[in-house]
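Encoded as structure tokens, the structure appears first; notes follow it.
Every chain is numbered from 1 and lettered A, B, ... according to where its sequence line falls, protein lines coming before strand lines. In this text, all values refer to a predicted model and were calculated from it rather than measured experimentally.
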Amino acid sequence: MVARTEIRNLEGRKMVSSIGMIVLLVSFSMLFATLLLGYAIYRLTSDVWPPMGMQRVPLFLPTVSTFIIAVSSLSLWKFEKEFELKKEQILLPLYLVTLTLGAAFMGVQFKLWASMKAMGLYVEAGIFPSLFYTLTWIHAAHIVAGLLGLLLMIPAIIKQDFDEKATLVANVSKFWHFLGIVWFLMYVVMFVL
Amino acid sequence: MAFFEQHMHAKPTTFLSKYIFSYDHKVIGKQFLWYGIFFLGVGGIMALMIRWTLAFPGVPFPMIGQFLFPETGGVVPPDTYAMLFTMHGTIMIFYAITPILIGAFGNFLIPLMIGARDMVFPLLNMLSFWIAFISGLLLLAGLFTPLGAAAGGWTSYPTLSTLIGSPGVGQTLWALAIFVLGVSSTMGAVNYITTIIVLRAPGMGYFDMPLSVWGLGLTAILNAIFIPVLGAGVLLLIFDRVFGTTFFLAGAAATSGTGDPILFQHVFWIFGHPEVYILILPAWGIVSDLLSFFARKPAFGAKATALSMTSITILSTIVYGHHMFTTQMSPLLTQSFMTLTMTISIPSAIFFANWLGTIWKGSIRFHSPMLFSLGVVFVFGLGGLTGLYLGTVTTDLYLHDTYFVVGHFHYTMAASVLLGGFAACYFWMPKMFGTMMNEFWAKVHFWITMLGLNGIFMGMMVVGYAGMHRRLYNPFVYDFMANLVPINTFITWSAIVMGLAQIIFVVNFVHAVFFKKEKSSDNPWEVGTLEWTIPSPAPHYNFKDLPVVKCGPHEYGNPNLTGDRDFQYQTEELA
Ligand code: HEM
Ligand SMILES: [Cu+2]
């Protein structure tokens with residue numbers, strides 16, 4: 001009987017935190033939706049894009065980022081599945097892949113910002129660079145939070161706390177996939193179109 | 001339906017864990033209450049300074065004027081005047097009314113009314129208070145910076161709020177404070193929504209929840225969705241000021257590649273219109289419950305009231321353009337926004353009629369919470385009706401940015417929400433602190449407040465209709481406005497009277513909390529919702545055994561009731 005309530009409580013806690021996480025992600029989506037809306041308005045009200053004779057940001061680095069974050073999402077997704085199935089051996093490699101890719105994403109972002117500076121696109125040079133820096137900065141700040149979340153999972157992997165930490169893993173993954181989706185939208189709206 | 005039962009945590013023993021870093025939703029609610037009352041005082045004094053300047057231009061502000069503005073001999077200087085109305089608006093909306101209705105009563109009531117032991121995320125709850133606290137410090141810090149606090153109005157429109165319009169640190173701190181507060185509100189909202197979804201006592205369907213919980217829940221939904229929109233707006237403003245981005249600098253994006261100040265207005269009001277409902281919905285919910293409780297009748301059309309509140313919540317997301325009729329938008333847009341705005345009258349009329357239906361032929365008990373609730377019905381009626389004039393493009397072109405707007409929103413937000421907050425304070429006092437406030441002084445407080453309120457805000461509508469512009473330091477330098485000085489003096493005297501009346505409340509409140517010996521009974525108002533089934537003040541864990549809900553919150557006059565009770569508890573089932 002006790003065990004049964006225990007399980008029920010665990011299930012309940014997982015349910016609760018995933019509802020909470022979903023509400024939180026709705027909030028975050030509104031933040032990014034507003035930023036993208038702003039982007040769209042500036043772009044649509046401008047006769048030429050980019051304005052002021054500026055150059056577009058080359059697609060190469062953003063494409064690399066997109067690829068990296070997509071793969072990291074996949075590996076984290078796989079990790080979550082295996083975590084649920086309590087497959088101890090494969091967890092660490094999957095985790096390390098995700099973490100490395102996450103860090104690599106940040107690395108490419110820094111490279112992107114440096115390359116923009118090299119093109120003469122400084123933050124204060126006008127609305128075009130303002131938008132690019134601001135949106136990528138805000139996204140990157142969330143990536144940093146996501147990476148911290150990933151680090152929080154280390155004890156769970158070492159101690160193999162499959163039941164206790166299931167909610168943590170589920171939530172960090174949701175957040176990470178969310179950031180991937182946001183990046184993909186940014187990639188399409190800002191860099192490709 | 002409860003997915004799981006929360007533990008009954010041991011009672012905290014140290015001072016810190018009990019009163020400062022408490023995880024208990026009731027304590028956090030009280031923290032928000034004190035926080036809100038403090039800011040109500042600060043914002044109130046600022047209001048009096050604004051009013052003083054308008055009624056007696058060039059006359060030193062009494063008592064503290066000499067101390068605050070020595071360089072002008074106690075007269076409020078023009079730049080300070082701009083800071084005053086900015087900070088007054090910001091403080092009242094974000095730091096007084098929001099924490100009292102949403103922070104204090106949201107936290108306090110939701111778990112108690114749905115039969116839960118606490119919020120689902122107590123730690124998050126505690127953090128949300130302390131983050132709000134930090135935000136308050138950031139905002140107040142602006143007052144002590146060399147160029148003074150923010151002065152761009154509570155809406156902080158660029159270019160007033162860009163570095164060009166206000167170079168001081170105060171405006172940056174303002175934006176930062178709002179952002180931080182947004183983080184806190186979002187945390188609160190996540191907590192409220194999740195708690196309402198998963199922790200309702202067994203047997204409690206959504207329509208068995210008291211309407212207060214409905215109001216608070218809908219508010220939380222709006223919060224979760226729209227606070228981040230404001231967050232994005234002020235973040236861009238901060239970036240403009242700190243990192244030199246050019247989002248809101250004047251100049252068409254197309255030609256000069258710089259920003260667009262109007263975009264801020266869009267972002268602000270996409271958030272701002274829902275925000276006014278964020279503030280009013282809890283008050284509506286509370287009033288809907290209290291009217292039924294004190295009329296000793298089932299709430300008339302309770303389901304319809306809940307559904308109209310829901311439709312208003314949904315509609316409120318698509319009418320924001322009525323704040324921007326004068327920004328040269330295309331007539332196609334102004335007309336559409338006007339039509340959408342008018343649509344809100346339909347659900348509003350439904351629940352307003354339900355309020356009247358609830359008190360119709362009730363055996364009304366005119367206790368102080370009831371008086372305040374009836375006050376809300378009255379002032380919100382006036383506020384809502386004046387909204388129609390502003391929602392109509394043709395009349396708004398004339399009325400925009402006059403005191404008519406100020407009168408309108410003070411009736412809807414200041415008056416209604418404040419009275420709703422007072423009703424809640426008087427009503428839940430026994431459950432929060434275990435004592436009752438003095439009824440006689442509560443009634444005195446009500447009547448003076450009511451007279452003062454109407455003197456002030458009716459007066460504002462009159463001078464606004466006569467053409468008095470808002471935000472001017474001394475409008476009377478214009479000849480046609482010079483005639484309005486006497487009405488302004490009247491408004492100011494009403495404000496002073498109303499301000500003084502609040503001392504009655506504070507004394508009554510502090511006395512009841514700290515000095516009153518006589519404890520209240522568990523259910524002094526004879527009401528059947530879940531929080532009245534437990535002792536007063538509510539014990540640490542709320543419910544020893546989780547209640548099982550058998551009926552709705554407003555069950556009065558069931559013929560099968562025994563004894564001389566006319567109400568039944570939500571845990572009772574009577575044929
Ligand atoms: C009954 C339906 C309502 C309608 C049709 C309505 C309409 C309007 C309109 C058109 C304006 C803009 C006026 C202008 O700037 O020229 C306005 C301003 C305002 N309304 Fe309402 N309103 C309604 C209800 C409310 C409620 C319930 C609240 C708050 C609880 C509220 C709070 C405000 C505030 C704060 C402003 C002024 C904002 C500012 O410019 O600083 N209104 N209203
Ligand atoms: Cu509005």
Hey, is [atom1] on [X] packed in by over 12 heavy atoms from elsewhere, all under 6.0 Å?
| X | atom1 | value |
| --- | --- | --- |
| A:Phe60 | CZ | no |
| A:Trp77 | CH2 | no |
| A:Leu193 | CG | yes |
| A:Lys174 | NZ | yes |
| A:Phe162 | CZ | yes |

(request) Classify the angle between the aromatic ring planes of B:Phe247 and A:Tyr42 as parallel (below 30°), tilted (30 to 60°) or perpendicular (above 60°). (result)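 Rings of B:Phe247 and A:Tyr42: tilted, 30 to 60°.
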To the nearest 0.5 angstrom, please state how far the [atom1] atom of [X] sits from the [atom2] atom of [Y].
| X | Y | atom1 | atom2 | answer |
| --- | --- | --- | --- | --- |
| A:Ile19 | B:Thr194 | CD1 | OG1 | 6.5 Å |
| B:Thr186 | A:Leu31 | OG1 | CG | 9.5 Å |
| B:Phe243 | A:Glu124 | CZ | CD | 11.0 Å |

(message) Using a 4.5 Å heavy-atom cutoff, which residues in residues 227-238 of chain B come close to chain A?
(response)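 Under the 4.5 Å heavy-atom cut-off, B:Pro228, B:Val229, B:Gly231, B:Ala232, B:Leu235, B:Leu236 qualify.
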(request) Check for a donor-acceptor pair, side chain of A:Ser27 on one end and backbone N or O of B:Ala224 on the other, with a separation under 3.5 Å. (result)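 Yes.
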(message) Using modelled atom types and a 3.5 Å cut-off, is there a donor and acceptor pairing between side-chain atoms of A:Ser130 and backbone atoms of B:Thr246?
(response)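 Confirmed, A:Ser130 side chain pairs with B:Thr246 backbone.
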Which region of [X], side chain (C-beta onward) or backbone (N, CA, C, O), has a non-hydrogen atom less than 4.5 Å from a non-hydrogen atom of chain A, or is it both or neither?
| X | answer |
| --- | --- |
| B:Leu263 | side chain |
| B:Phe239 | side chain |
| B:Phe121 | side chain |
| B:Val190 | both |

(message) Is A:Leu24 close to chain B through its backbone or its side chain, or both, or neither, when contacts mean heavy atoms under 4.5 Å?
(response)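 Both backbone and side chain.
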(request) Tell me, out of A:Ile138, A:Leu37, A:Thr134, A:Val23, who's got the most heavy-atom pairs with chain B below 4.5 Å. (result)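 Of the options given, most contacts go to A:Thr134.
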(request) Using a cut-off of under 4.5 Å on heavy-atom pairs, state which of A:Ile22, A:Val26, A:Leu131 scores highest against chain B. (result)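 So the answer, after comparing A:Ile22, A:Val26, A:Leu131, is A:Leu131.
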(message) If you define the side chain from C-beta out and look only at heavy atoms, does anything of B:Val267 sit under 4.5 Å from A:Thr34?
(response)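 Contact flag for B:Val267/A:Thr34 side chains = yes.
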